Number of protein chains: 2
Amino acid sequence: MSEPRWLDAAQQRDWRAYVDGSVRLTEIMDRDLKAKHGLSAAEYEILVRLSEAPERRLRMAELAENASQSRSRLSHTCARLESKGLVKRDNCPNDKRGVYAHLTDEGFDALDRAARDHVETVRTFFIDIIAPEDLEAIGRAFTLILKRIGSVN
Amino acid sequence: MSEPRWLDAAQQRDWRAYVDGSVRLTEIMDRDLKAKHGLSAAEYEILVRLSEAPERRLRMAELAENASQSRSRLSHTCARLESKGLVKRDNCPNDKRGVYAHLTDEGFDALDRAARDHVETVRTFFIDIIAPEDLEAIGRAFTLILKRIGSVN
DNA sequence: AGAACATAGTTGATGCTTCAACTATTTCCG
DNA sequence: CGGAAATAGTTGAAGCATCAACTATGTTCT
């Protein structure tokens, strides 16, 4: 067991800023979405991904992947969304194990309303206060992180 | 109700990279900490903040603030940590409403062990793959976000 | 064909988070 | 002083996430 390679002062400062900032940012956005539209972040993310899919529908596994959720979590959340009438699930004709989740018209409208508020919050607490070149740096960094995580799983 | 100011393609790309990346990064780190040391991220964060405080103790409210947790959540999590013997709570002599949470020796050791693994994970998925100047950009950006959020509450 | 294995998705139990309500103490201010 | 309001912290209920177990179907290989 070798000595750990501790972070230097600058690394620690930046890492901490990220951890604290992202925790609080997430909290604000979740609360906002819930208060104004009754949607959890997980639900919102599912609606977004479905809205962008061809014919506004996706297989459960693909939806789980896109929304960065476990299949179990997706099943539960989808059940809730379905009971709200925002999503509907149908059997897949080709693969009898499969299920398509698709956005209902009502779901699309709910998403549209939520997204209009959401983008303002994203601007207020993220986009509009970060220098464009820093935003690019964030994009680069987290794309790398995603790649790194992908290569592990 | 005016038209929303939608994000342009680059902003959307960077924002999405951040959202997806941070969700998956958090997930990996939480899982790692839980598997190797039986600690949730919330528990770990509390131990860290206590370990850095003078005399390794803090008032509950201050600890909640430092660890970015609600007081309610802190109460629950502290109760769990206390039952594991990692933290102890005592009444505050000055303020009879107040409570000090302090790290036990056992808690300090548990944190030390966890931190040694944690720093490696942070390096593997964050520090070591991000260009230093991009890391600085992240530090700058999230410090601004924290300031922005702080000025709201 | 058919046995072994892999994949798709769901379910229920357990545990953590959130929210609102609550007690107790302290501060503020007429 | 003394009542109103603010602050500290806890609690229990309800909601959401995680985990392991499970059913059902599809794929592979001999």
Side-chain angles (χ1 to χ4, degrees), chain A residues 23-24 26-47 50 57-84 86-102 153, chain B residues 23-24 26-36 38-47 57-84 86-102 153:
Chain A
V23 164
R24 289 193 133 99
T26 311
E27 198 199 327
I28 280 209
M29 310 254 274
D30 290 2
R31 205 183 293 279
D32 201 67
L33 218 42
K34 194 72 187 176
K36 292 185 186 153
H37 301 279
L39 292 172
S40 71
E43 290 174 331
Y44 181 78
E45 200 61 27
I46 288 171
L47 298 184
L50 284 179
R57 62 171 198 172
L58 282 173
R59 286 287 296 270
M60 293 298 275
E62 203 175 351
L63 180 51
E65 177 62 22
N66 290 357
S68 301
Q69 296 184 15
S70 73
R71 291 181 187 196
S72 168
R73 185 176 170 186
L74 179 62
S75 277
H76 288 297
T77 308
C78 243
R80 263 174 264 133
L81 283 170
E82 207 166 12
S83 78
K84 293 187 195 178
L86 307 183
V87 162
K88 191 163 182 321
R89 279 180 290 188
D90 295 306
N91 294 329
C92 171
N94 314 329
D95 187 339
K96 282 179 188 166
R97 295 167 306 179
V99 169
Y100 273 109
H102 64 81
N153 297 336
Chain B
V23 165
R24 289 193 133 99
T26 310
E27 198 199 328
I28 281 209
M29 310 255 272
D30 290 1
R31 206 184 293 280
D32 201 66
L33 218 43
K34 193 75 189 174
K36 292 185 186 153
L39 291 172
S40 71
E43 290 173 331
Y44 181 79
E45 200 59 28
I46 287 170
L47 298 184
R57 63 172 198 171
L58 281 174
R59 288 287 295 270
M60 294 297 276
E62 202 175 351
L63 180 51
E65 178 61 24
N66 290 357
S68 301
Q69 295 184 16
S70 72
R71 292 182 186 193
S72 167
R73 186 177 170 185
L74 179 63
S75 276
H76 287 297
T77 309
C78 244
R80 265 173 262 134
L81 283 171
E82 207 166 11
S83 78
K84 292 186 193 177
L86 307 184
V87 161
K88 191 162 181 325
R89 279 179 289 186
D90 293 307
N91 294 329
C92 172
N94 313 330
D95 187 340
K96 282 178 188 167
R97 295 167 306 179
V99 169
Y100 272 108
H102 65 82
N153 298 337

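Small disclaimer: the values here were computed from a predicted structure and weren't measured. Letters A, B, ... mirror the listed sequences (proteins, then strands); counts begin at 1.
For the pair A:R59 and B:K34, both in contact range of DNA chain C, the more 5′-proximal nearest nucleotide belongs to A:R59.
Sorted by first and then second residue, the salt bridge (Lys or Arg N to Asp or Glu O under 4.0 Å) pairs involving residues 63-73 of chain A (not counting sequence neighbours) are A:E65-B:R24. Evaluation of the salt bridge (Lys or Arg N to Asp or Glu O under 4.0 Å) test over residues 36-45 of chain A, restricted to residues two or more places apart or in two chains, returns A:D32-A:K36, A:E43-A:K84, A:E45-A:R49.
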Would you sort out whether A:L50 and A:H102 count as a side-chain contact (heavy atoms from CB on, under 4.5 Å), showing the intermediate values?
CA-CA 7 Å; A:L50 284 179; A:H102 64 81; 5.7 Å; no

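In this structure, A:K34 has no side chain to side chain donor-acceptor pair (under 3.5 Å) partners at least two apart in sequence or on a different chain. Residues satisfying the side chain to side chain donor-acceptor pair (under 3.5 Å) test with A:R80, not counting sequence neighbours, are none. Applying the side chain to side chain donor-acceptor pair (under 3.5 Å) test to B:E82 and every residue at least two apart in sequence or in another chain returns B:R89. Looking at residues two or more places apart in sequence or on another chain, you find no salt bridge (Lys or Arg N to Asp or Glu O under 4.0 Å) involving A:E62. For B:D90, the salt bridge (Lys or Arg N to Asp or Glu O under 4.0 Å) partners are B:K88, not counting sequence neighbours. Residues forming a side chain to side chain donor-acceptor pair (under 3.5 Å) with B:T77 (at least two apart in sequence, or on another chain): none. A:S72 is linked by a side chain to side chain contact (heavy atoms under 4.5 Å, CB included) to A:S70, A:H76, counting only residues two or more places apart in sequence or in another chain.
B:E27 has its CD atom 7 Å from the P atom of D:dT18, to the nearest Å.
Where DNA chain C meets chain B (any atom under 4.0 Å from a heavy atom), the bounding nucleotides read 5' to 3' are C:dC16 to C:dT26.
For the segment residues 73-82 of chain B, the set of residues with a heavy atom within less than 4.0 Å of an atom of DNA chain C comprises B:R73, B:H76, B:T77, B:R80, in numerical order. Residues of residues 87-99 of chain A having a heavy atom closer than 4.0 Å to DNA chain D, listed by number: A:N94, A:D95, A:K96, A:R97.
Here A:A42 lies in heavy-atom contact (under 4.0 Å) with sugar-phosphate atoms only.
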